[in-house]
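Written below as structure tokens is the structure these notes are about.
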Protein chains: 2
Amino acid sequence: MEDRAGVGTAASGAEGPAPRRRRGASMADVARLAGVSSQTVSRVSNGSPGVIEETRTRVLAAMRELGYRPNSAARALKHGEFRTLGVILFNLSTTGNVRTLEAIADSAAREGYAITLMPVAVPTQTDVRGAFTRLGELAVDGIIVIMEVHLLDTSTISLPPHVQVVVVDSDAGDRYTVVDTDQRGGARAAVDHLLELGHRTVWHLAGPPDSFAAQRRTEAWLAALREAGRTVPPLLFGDWSAESGYKAGKLVPDDCTAVFAANDQMALGLLRALHERGRRVPQDISVVGFDDIPESASFIPPLTTVHQDFAEVGRRCVDGVLGQIRNQSAGPGTALVPTRLVRRSSTAPAPSAG
Amino acid sequence: MEDRAGVGTAASGAEGPAPRRRRGASMADVARLAGVSSQTVSRVSNGSPGVIEETRTRVLAAMRELGYRPNSAARALKHGEFRTLGVILFNLSTTGNVRTLEAIADSAAREGYAITLMPVAVPTQTDVRGAFTRLGELAVDGIIVIMEVHLLDTSTISLPPHVQVVVVDSDAGDRYTVVDTDQRGGARAAVDHLLELGHRTVWHLAGPPDSFAAQRRTEAWLAALREAGRTVPPLLFGDWSAESGYKAGKLVPDDCTAVFAANDQMALGLLRALHERGRRVPQDISVVGFDDIPESASFIPPLTTVHQDFAEVGRRCVDGVLGQIRNQSAGPGTALVPTRLVRRSSTAPAPSAG
DNA sequence: CGCAGGAATGTTTACGTAAACATGCGTCGC
DNA sequence: GCGACGCATGTTTACGTAAACATTCCTGCG
């Protein structure tokens, strides 16, 4: 009576209501039903050769009957890998983050990897460390951090060993692999474009100062103006929202003929403010955005903006972690994804200048 | 010589360059270093009682030295659960989906569950089934499907057994647990609000016809008009985008005094079109949106809209799956999350009427 | 002084899978 | 006709953890 009946799928007849196992059928169950060994089931399950057609059919039938599906925990334990990547991010409310996440998920899926999400509500040091720790204990082979604000630098976050990390949009290129859009190049292209159109100088509607992306775009704007020997107008700040762009739009002086906004949403608000003030775009004033969100082609007027290739960023992130996982290779360093200026109708030659 | 040396951490002296194990340290490694049994390490790791302070300290030190972190695959295998929920969704481009996902991730994290993302690029039957299969093999205890279009109904998608499913925004309430916003109630509140303001009838700018949410909002709009005995104007269709709302705004006839848009983005485009046409909102025409996205309070004029509580939806989804996982309970059925009308400045009494 | 009792720690085992090795049987070559 | 080979399948084992059970040792009481 001490046989393995209690482990069987069905009621074992004795000892009351049979503890009705909750876990799914295992290979052993399938093997028993098909009258083969569990190893043969394993071979069928993995498509390994060396199983005669008839046996395979019988095993497959048994699998179907029992609703067998492989236990990935056991598989992961055996293989030493989870085929899963963790993504830490701070919010899902900015276009860039969401699009990047989307691209990461797609790329990962294409490589046969799943994505485990680890959102961190408030980006405090403690929370980030907590997230890293939890992810470290989670079933992931690598981690991608979508880091928009200054954090990794300011403290010694201890990453779990044996887990590879790639960071998006950060300054930590000396310690981690960083994938980022070429913010500087994009911003520079935007400013140069406006200068070439004959504008004396270019105002800048910047994003929040603690954002890496905003910071780089601002730096590049400044550098471009300085190199061209132009006067540098005061900075305007927004918080990425259209509303903040609208507010900033009210502050732009009448003699300003060109504005470079750090993202398309703020540019949208800016356009609205200018419209309300009766300043025609692009005849009186030119506007360039950043991101090339889908809607920007439908703004009034269609927005000249800097296109970011989020899909490519996602792809490189995934390639980066997987590369590290597989070859042990690829130390710290920064990979830049190129941007390109998309010229639409919100920019034109300066009104009075040549 | 047949001892366990080969299993040890360091090189065993013979046979060349020692295969340098890549997996992290295991309990056995920690145990060896601390001079205790692996069971004691387990007890320390899980905070179980019955470990003297001195031993605990020594074990913790060994853990730190080896950079030990528990192997979640082994844990999952032992426990029979992964503490992970899978989320299937079709795109990350609509506000609602993203916000819901965010809420789900937060709720899940609070319950100690992680989220595994499974995006399905093109929502064809095949792809969905594929996603379900892959997720079935994945390390998840339950699945939440964010289903915006008609799919589950039209075929027999076979869900992996032993995995609980909750669906957001679907008609499949007879077969799955469905959590949804009270689309009908919200739409009805919007229409009633406009009728109470004395508008003869209300036009409707609907979302894409294959969207469940759009469909329900349209139905409720229709029902409300019919019950009030009003004439039913022709339907306008958009695709959720501001641009489509803008286009629809050009088609609204001059004698129309009230429009109910199926989401805030389309309402935004609508406002722009009306503005360009010189129709003042709300003096000449009232507009109501749906969703209450953050920006809607900053539209011109601030938009009266139907607030959706995405956080609550996410919470209920997680509660739903976890409930099913834990109690086996909760069969099919639909849970509605209430909506509420937020009155701002885009609605006013009808121009000529009462 | 000896033994009961309990606290601290160790040993065994099972979770489900799959690599490595073992077996058994049929067929082909000489 | 008999052994070697190879193919289909079975058996053993290990992956890392933790429950269940076993052992040791110390304390306190009779």
Side-chain angles (χ1 to χ4, degrees), chain A residues 2-4 6-9 19 21-32 34-59 62-63 66 68-83 137-139 162, chain B residues 2-9 19 21-32 34-59 62-63 66-83 137-139 162:
Chain A
E2 199 55 32
D3 66 9
R4 304 186 68 225
V7 177
T9 306
R21 67 186 292 169
R22 299 174 59 255
R23 347 243 295 192
S26 73
M27 279 192 171
D29 299 322
V30 176
R32 212 168 302 133
V36 297
S37 77
S38 62
Q39 183 56 50
T40 299
V41 178
S42 168
R43 280 190 266 258
V44 171
S45 175
N46 296 337
S48 307
V51 180
I52 207 171
E53 191 49 39
E54 189 220 313
T55 310
R56 175 181 305 274
T57 312
R58 210 171 30 177
V59 170
M63 281 181 175
L66 295 178
Y68 168 80
R69 66 196 177 96
N71 179 316
S72 44
R75 234 172 220 188
L77 178 57
K78 198 85 181 66
H79 287 52
E81 62 168 24
F82 303 94
R83 299 197 72 76
E137 289 171 7
L138 266 180
H162 300 280
Chain B
E2 201 53 35
D3 66 8
R4 305 188 67 224
V7 178
T9 306
R21 66 188 295 172
R22 299 174 58 256
R23 344 245 297 194
S26 73
M27 279 191 171
D29 299 321
V30 176
R32 211 168 302 131
V36 298
S37 79
S38 63
Q39 182 54 51
T40 298
V41 178
S42 168
R43 280 190 266 257
V44 171
S45 176
N46 297 336
S48 307
V51 181
I52 207 169
E53 191 48 38
E54 189 220 316
T55 311
R56 174 181 304 274
T57 311
R58 210 167 31 171
V59 170
M63 282 181 174
L66 295 178
Y68 168 79
R69 68 198 176 94
N71 180 317
S72 45
R75 239 176 215 188
L77 178 57
K78 197 86 181 63
H79 289 31
E81 62 167 24
F82 303 93
R83 299 197 73 77
E137 290 172 6
L138 266 180
H162 301 278

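Values below: every heavy atom of this structure, side chains too, minus hydrogens, waters and symmetry copies. Residue numbering restarts at 1 for every chain, and letters A, B, ... go by the order of the sequence lines. Just so we're clear, the structure is a prediction, and the values are computed from it rather than from any experiment.
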Please give the angle, rounded to 10 degrees, between the axes at the start and the end of the helix from C:dC1-D:dG30 to C:dC30-D:dG1, where five pairs define each axis.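 Computed angle between terminal axes is 60°.
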
Interatomic distance where [atom1] belongs to [X] and [atom2] belongs to [N] [whole Å]:
X	N	atom1	atom2	result
B:His79	D:dA19	NE2	C1'	10 Å
A:Lys78	D:dT17	NZ	P	16 Å
A:Glu54	D:dC7	CD	C1'	15 Å
B:Leu77	D:dA14	CG	C1'	12 Å
B:Phe82	C:dC15	CZ	P	15 Å
B:Arg83	D:dA18	CZ	P	13 Å

B:Ala74 side-chain proximity, nearest of D:dT17, D:dC15, C:dT17: D:dT17

Closest to the B:Arg75 side chain: C:dA18, D:dT17, C:dT17?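 Selected nucleotide: D:dT17.
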
Closest contact, heavy atoms only, A:Leu77 versus B:Ala74: CD1-CB, 3.9 Å

Exercise: identify the closest heavy-atom pair between B:Ala76 and B:Phe82: CB-CD2, 3.6 Å

N/O to N/O distances under 3.5 Å, protein versus nucleotides 24-27 of chain D:
none

In 5'-to-3' order, the base (B), backbone-only (S) or no-contact (-) status of each nucleotide in nucleotides 4-11 of chain C, using a 4.0 angstrom heavy-atom cut-off, is ----SBBB

Under 3.5 Å, sequence neighbours excluded: what are the donor-acceptor pairs made by side chains of residues 35-54 of chain B?
unit_1	atom_1	unit_2	atom_2	d
B:Ser37	OG	B:Gln39	N	3.3
B:Ser37	OG	B:Thr40	N	3.4
B:Ser37	OG	B:Thr40	OG1	3.4
B:Ser45	OG	B:Arg75	NH2	3.2
B:Asn46	OD1	B:Arg75	NH2	3.0

Does any part of the side chain of A:Asp29, heavy atoms only, come nearer than 4.5 Å to the side chain of A:Arg32, both counted from C-beta? yes

Residues forming a salt bridge (Lys or Arg N to Asp or Glu O under 4.0 Å) with A:Arg83, sequence neighbours excluded: A:Glu81

OP1 or OP2 of C:dC15 sitting under 4.0 Å from any side-chain N/O of A:Asn71?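 Indeed not, no polar side-chain atom of A:Asn71 lies that close.
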
